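Worth saying up front: this structure is predicted, and the values here are computed from it rather than measured. Heavy-atom basis, side chains included; hydrogens, waters and symmetry copies ignored.
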Amino acid sequence: GYYRAEVLGALASSLSLWALCGVLVYEAIMRLITPEPVQGPIVFVIASIGLVANLMMMRVLHPVQGENINMRAAYLHVLGDVLGSIGVILGGALLWWIQWYPIDPIITLLFSLGILYGSGRIIKESIVILMEATPSGVNPLKIEQDLLTVEGIEEVHDLHVWAVSNKKIALSAHLVGRNGHKVLNEAHRIIESNHGIQHMTLQFEDPEHFEPKYC
């Protein structure tokens, strides 16, 4: 439930960046077709102020960017602003010295492409989590093979592995066999030790009495 809130936040943040980049790319193309005069000194000064502010924000977010996908999206947002500010500073300097106006939309296009690439990875990861796909780095077939090594387990089916958030993985499976409690304890241990998954639901079924229609 609430773990997904951070994923939705990251997805919304990244999609807003894509929308912004769409506007920037359109405006940049229009300015390449019809260059407009730009005041280099004003661009240079405002971008310099923006760079200082973004560097301060980046310093705050850097230690916590690995906590969850939403913080990483926020950090990426600020990093994009930092790179954009650097590009605008360089563009403002060139405009100030040589008044070559196409540099303004060219820098905008380069900046937008960089943001689209970085935020695209966040969008992909968010969609994978929301669609409950198997997380990257997790091999369900290997999990099944490991479970079948436990003495007493004859069959593994309805095995599902999904991410609740980017750092919380969940697993459910049906195990057919005998000696339920002893087998369950060993299955829990193997899944945690071999695959790092702690949140799991394992249903044990007697081979002579379970009903396949519920699987």
Reported CG-to-CD1 distance for the pair N54 and I49, which is rounded to 0.5 angstrom: 12.0 Å
Do you see a donor-acceptor pair shorter than 3.5 Å between the side chains of H195 and D146? yes
Compare every heavy atom of A173 with every heavy atom of L159, then report the nearest pair and how far apart it is. CD1-CB, 3.7 Å
In Å and rounded to the nearest 0.5 Å, what is the CG to CD distance from N139 to E144? 10.0 Å
Considering only NZ, NE, NH1 and NH2 on the basic side and carboxylate oxygens on the acidic side, decide whether R4 and E132 come within less than 4.0 Å. yes
Would you list the atom pairs, donor with acceptor, under 3.5 Å between side chains in residues 106-114 and any protein atom, with sequence neighbours excluded?
{"unit_1": "T108", "atom_1": "OG1", "unit_2": "D104", "atom_2": "O", "d": "3.0"}
{"unit_1": "S112", "atom_1": "OG", "unit_2": "T108", "atom_2": "O", "d": "2.8"}

Taking the side chain as everything from C-beta on, heavy atoms only, tell me whether L175 gets closer than 4.5 Å to V150. no
For residues I86 and L51, report the shortest heavy-atom separation together with the two atoms involved. CG1-CD1, 3.9 Å
Report the distance from atom NE2 of H174 to atom NE2 of H157, rounding to the nearest 0.5 Å. 5.5 Å
Measuring from N194:CG to Q145:CD, what's the distance to the nearest 0.5 Å? 11.5 Å
Through direct or indirect side-chain contacts below 4.5 angstrom among Ile, Leu, Val, Met, Phe, Trp and Tyr, which residues connect to V23? none
Run through M57, R59, M58 and flag the one making a side chain to side chain contact (heavy atoms under 4.5 Å, CB included) with L61. M57
Could you pull out all residues at least two apart from R121 that satisfy side chain to side chain donor-acceptor pair (under 3.5 Å)? none
Nearest atoms (heavy-atom pairs only) where V7 meets S165: CG2-CA, 4.3 Å
For V183 and F204 the tightest heavy-atom approach is CG1-CE1, 3.6 Å
Are S119 and W18 close enough, and set up right, to give a side chain to side chain donor-acceptor pair (under 3.5 Å), and what steps lead you there? CA-CA 8 Å; S119 58; W18 274 45; 2.7 Å; yes
